[in-house]
Student: 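Quick one: structure below, then a few questions.
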Number of protein chains: 2
Amino acid sequence: MRYEAITIKDIAKALNLSISTVSKALRDSYEISEDTKDMVKAYARDHNYKPNPIAQSLKKGLSKSIGVVVCNIDNHFFSQAINGMEVVAGSRGYNVIITQTHESFEREVANVRHLSSRSIDGLIVSLSAETEDIGHFKQLHDQGLPIVFFDRVTPEIKTHTVISGNFKGAYDATLHLVAQGYTRIAQITSANQLSITLERLEGYRQALADSGIPLRDEYVRFCPHGGMIQAETEQAIRGLLALDPRPEAILTASDRLSTTTFSLLKEMQVAIPGEMAIVGFTNSVSAHIFDPPFSAIMQPAFDMGKQSMELLVQLIEAKRPVTEFERRVLDVELRIRASSQRAR
Amino acid sequence: MRYEAITIKDIAKALNLSISTVSKALRDSYEISEDTKDMVKAYARDHNYKPNPIAQSLKKGLSKSIGVVVCNIDNHFFSQAINGMEVVAGSRGYNVIITQTHESFEREVANVRHLSSRSIDGLIVSLSAETEDIGHFKQLHDQGLPIVFFDRVTPEIKTHTVISGNFKGAYDATLHLVAQGYTRIAQITSANQLSITLERLEGYRQALADSGIPLRDEYVRFCPHGGMIQAETEQAIRGLLALDPRPEAILTASDRLSTTTFSLLKEMQVAIPGEMAIVGFTNSVSAHIFDPPFSAIMQPAFDMGKQSMELLVQLIEAKRPVTEFERRVLDVELRIRASSQRAR
DNA sequence: CTGAAAGCGCTAACAC
DNA sequence: GTGTTAGCGCTTTCAG
């Protein structure tokens, strides 16, 4: 049931030229006379000729498509990032194939396998929360496939990375809580092998240390599935609430954890910020209309997406092997709202 | 800088067979002996052979990719719908190329042109708010390209459509407002030629009529860009607030309009629901933690995406021209929360 | 300035 | 049971 498009061959036949002449004319080759070019181009335009990208890809060995692996597009951080990627990809003639891991290692491996079998020109990846072994990426990378990691990155593969100021975001947010007079500050975070978890944890630790507040291990709760499994988050919260002394404030370390924790606290009738203050990483566009308004650490997701794609295209189109890799760290923005302010 | 994958030719050479024998062996042809098949398959597995989908596509004249046109993925309704599409596409061996119109007709045309030039096998579309002329789709459809419309559909092209119970959603929500004792009920809606606008308007009209409440034209405000331009929404709200008698309740008719209106009302210090009750279409996952909790009409976005993709794949893989088209209407769900309840 | 021919990786009709 | 050949649409030497 498909429609038949006009090909170079049709043009050649109609104009009584050879296929190669038409091809060259369309590509504005210097070998072809102006007259012929005009004739061919006019015919092509009138008959709505479109080069078949599949044939071009086969010939050139490039697919002009880029695979993207993220945990979930149903999340403002990632949808904004993808937005940014598409802007750049579109302007460079690439298209983007998006796959979601839903934080599952198994799905990540399957997605990567599927993408690579579809002959993509490159990969942009944010690791799933479950991922510890990155062999599936390493194999492709060793074969020469350009890869850029963003947000959740790994040091095991030498390539460009784009992240946000995770340390600084957590540091500033924690200091802000301290400034509000809180000293019993907890953190609910994602899987403990993720780069963002480590960096955000470190910012939190440093802020506590700089404030002379001892770190309590039991104040840090990990959710191995980054909030995809609500029961996990619920358990983390209940664990914190059961402690003595009980924390007065929480820093939530990822988008989904932020909204889930916020929502669960309300469900458990824990007053925010009266009984528990909260500040968290989130790119939700509605944080300011939450009850109470949610103090958010926002990442420049759109820009991260754009820059990741730029770096990837650069890698793909590089004439010689790239050996110097960039690690870009973009600023986060702390928007202080009522959820983290000391109740009067 | 790309990596070279192993091809059928390499296998043939290594095993001293012809290319076609290898091809047939890999596809389990009955013409090939078990021994040869085993040998070929073992070699292929060991050397991680992957058929080149580009070559297959060129040969078969199918790209195994599907274009999607939506206004914005940074919106829970669409990201959930795309989620659903990807599930089905993935299981059927297709991949999905997503493009965004940002409610602009011009970008819609450009996206469709780009997609069709990339030889896609089919298209899933939700029209942009600006779109009145659908010639760009009609042309492709007439050429035989399978298209499925969802959410924002058009009667001008005879094909499958998947929508939600827009009439019923608006009808129920309006009746709910009436039941709360409101009689001056306004609607803020999207561009007036969109199918969702018409259907939601009709549900609202019917509910008012059934309740014996006269319809006031000035209570209905259109935002031609569906809330993408905040000034438009702001003007709509100010217009309503300036009326005498002033409306007591608003029905917002799309995802973005709902959150924007809600946010702007708060900014303008209009008490919700005290001075203005509000209920709206939205698939936001945070509506229940808004201040006050937002009464939402939720669409089964994920399921709409799944069904759209199923219908499209059916169309693509149909052996004979399809002449009977389905119009699927999926139920919406009204979740009544504080924002639309009569203040005591 | 134009054209013939080879080939990208794969499939399929048709030999042998 | 296996191999030969042509061809999908296009680009690109290399001849003419």
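Just so we're on the same page: letters track the sequence lines, and every chain starts at 1. Please read these numbers as outputs of a predicted model, since none were measured by experiment.
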Student: For A:Lys9, which contact category applies under a 4.0 Å heavy-atom criterion: base, sugar-phosphate, or nothing?
Tutor: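 It contacts sugar-phosphate atoms only.
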Student: Ignoring hydrogens and geometry beyond distance, is a side-chain donor-acceptor pair present between A:Ser23 and A:Ser20 at under 3.5 Å?
Tutor: no
Student: Heavy atoms only, 4.0 Å cut-off, all strands: where does B:Ser57 land among base, sugar-phosphate and nothing?
Tutor: nothing
Student: C:dA13 P sits how many Å from B:Lys60 NZ, rounded?
Tutor: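 Going from NZ in B:Lys60 over to P in C:dA13 covers 13 Å.
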Student: List the residues meeting ring-ring contact (aromatic ring centres under 6.0 Å, His included) with A:Phe137, not counting sequence neighbours, and say none if there are none.
Tutor: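 If we apply the ring-ring contact (aromatic ring centres under 6.0 Å, His included) test to A:Phe137, skipping adjacent residues, the hits are A:Phe149.
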Student: Which ones in residues 42-55 of chain A lie close to DNA chain C, meaning a heavy atom under 4.0 Å from one of its atoms?
Tutor: none
Student: In whole Å, I'd like the distance from the NZ atom of A:Lys13 to the P atom of D:dG9.
Tutor: 10 Å
Student: For a quick check of understanding: with a heavy-atom distance under 4.0 Å over all strands, which category does B:Gln56 fall into, base, sugar-phosphate or nothing?
Tutor: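 Here B:Gln56 touches the backbone only, sparing every base.
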Student: Using atom types as modelled and distance alone, determine if a side-chain donor or acceptor of B:Asp38 lies under 3.5 Å from a backbone N or O of B:Asp35.
Tutor: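 Between the backbone of B:Asp35 and the side chain of B:Asp38 there is no qualifying donor-acceptor contact (under 3.5 Å).
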Student: Students often get this wrong, so: under 4.0 angstrom with heavy atoms, is B:Ser20 touching a base, only sugar-phosphate, or nothing?
Tutor: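 Base, at least one base heavy atom under 4.0 Å.
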Student: Give a yes/no answer on whether the side chain of A:Thr21 brings an N or O atom under 4.0 Å of OP1 or OP2 in C:dT2.
Tutor: no
Student: With heavy atoms under 4.0 Å as the rule, sort A:Leu58 into base, sugar-phosphate or nothing.
Tutor: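 Base, at least one base atom sits under 4.0 Å.
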Student: What pairs of residues pass the ring-ring contact (aromatic ring centres under 6.0 Å, His included) test when at least one of them lies in residues 14-64 of chain B, not counting sequence neighbours?
Tutor: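 Qualifying pairs, neighbours excluded: B:Tyr43-B:His47.
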Student: Counting side-chain heavy atoms from C-beta on, which of C:dA13, C:dT2, D:dC10 comes nearest to A:Ile8?
Tutor: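 Out of C:dA13, C:dT2, D:dC10, the nucleotide with an atom closest to A:Ile8's side chain is D:dC10.
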Student: Calculate the interatomic distance between B:Ile19 atom CD1 and D:dG7 atom P; express it in whole Å.
Tutor: 17 Å
Student: Roughly how many Å is it from CD1 in B:Ile6 to C1' in C:dC10, rounded to a whole number?
Tutor: 14 Å
Student: Using a heavy-atom cut-off of under 4.0 Å over every strand shown, decide if B:Ser23 touches base, sugar-phosphate, or nothing.
Tutor: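 The residue B:Ser23 makes base contact.
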Student: Mark yes or no for a side-chain to base donor-acceptor pair under 3.5 Å between A:Thr7 and D:dG9, with no hydrogen or angle criteria applied.
Tutor: no
Student: In degrees, rounded to 10°, what is the bend between the two ends of the helix from C:dC1-D:dG16 to C:dC16-D:dG1, using five pairs at each?
Tutor: 50°
Student: Would you state whether a donor and an acceptor, one from the side chain of A:Lys59 and one from the base of D:dG9, lie under 3.5 Å apart?
Tutor: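 When only heavy-atom distances are counted, A:Lys59 does not reach the base of D:dG9 through any donor-acceptor pair under 3.5 Å.
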Student: Side chains of residues 105-115 of chain A: which donor-acceptor partners sit under 3.5 Å, not counting sequence neighbours?
Tutor:
residue: A:Glu108; atom: OE1; partner: A:Ser128; partner atom: N; Å: 2.8
residue: A:Glu108; atom: OE1; partner: A:Thr131; partner atom: OG1; Å: 3.1
residue: A:Glu108; atom: OE2; partner: A:Thr131; partner atom: OG1; Å: 2.9
residue: A:Glu108; atom: OE2; partner: A:His136; partner atom: NE2; Å: 2.9
residue: A:Asn111; atom: ND2; partner: A:Gln100; partner atom: O; Å: 2.8
residue: A:Asn111; atom: ND2; partner: A:Arg107; partner atom: O; Å: 3.3

Student: State, without any angle test, whether A:Ser104 and A:Thr101 hold a side-chain donor-acceptor pair at a distance under 3.5 Å.
Tutor: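 No, A:Thr101 and A:Ser104 have no side-chain donor paired with an acceptor closer than 3.5 Å.
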Student: Salt bridge or not between A:Asp121 and A:Lys64? Use side-chain N to carboxylate O under 4.0 Å.
Tutor: no
Student: When you measure from the side chain of B:Thr36 to the backbone N and O of B:Ile32, does any donor-acceptor pair fall under 3.5 Å?
Tutor: no
Student: Please name all residues satisfying side-chain contact (heavy atoms from CB on, under 4.5 Å) with A:Lys138, sequence neighbours left out, ordered by chain then number.
Tutor: A:Asp142, A:Ile157
Student: State whether A:Arg27 places a side-chain N or O below 4.0 Å from either non-bridging phosphate oxygen (OP1 or OP2) of D:dC10.
Tutor: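 Answer is no, no contact under 4.0 Å.
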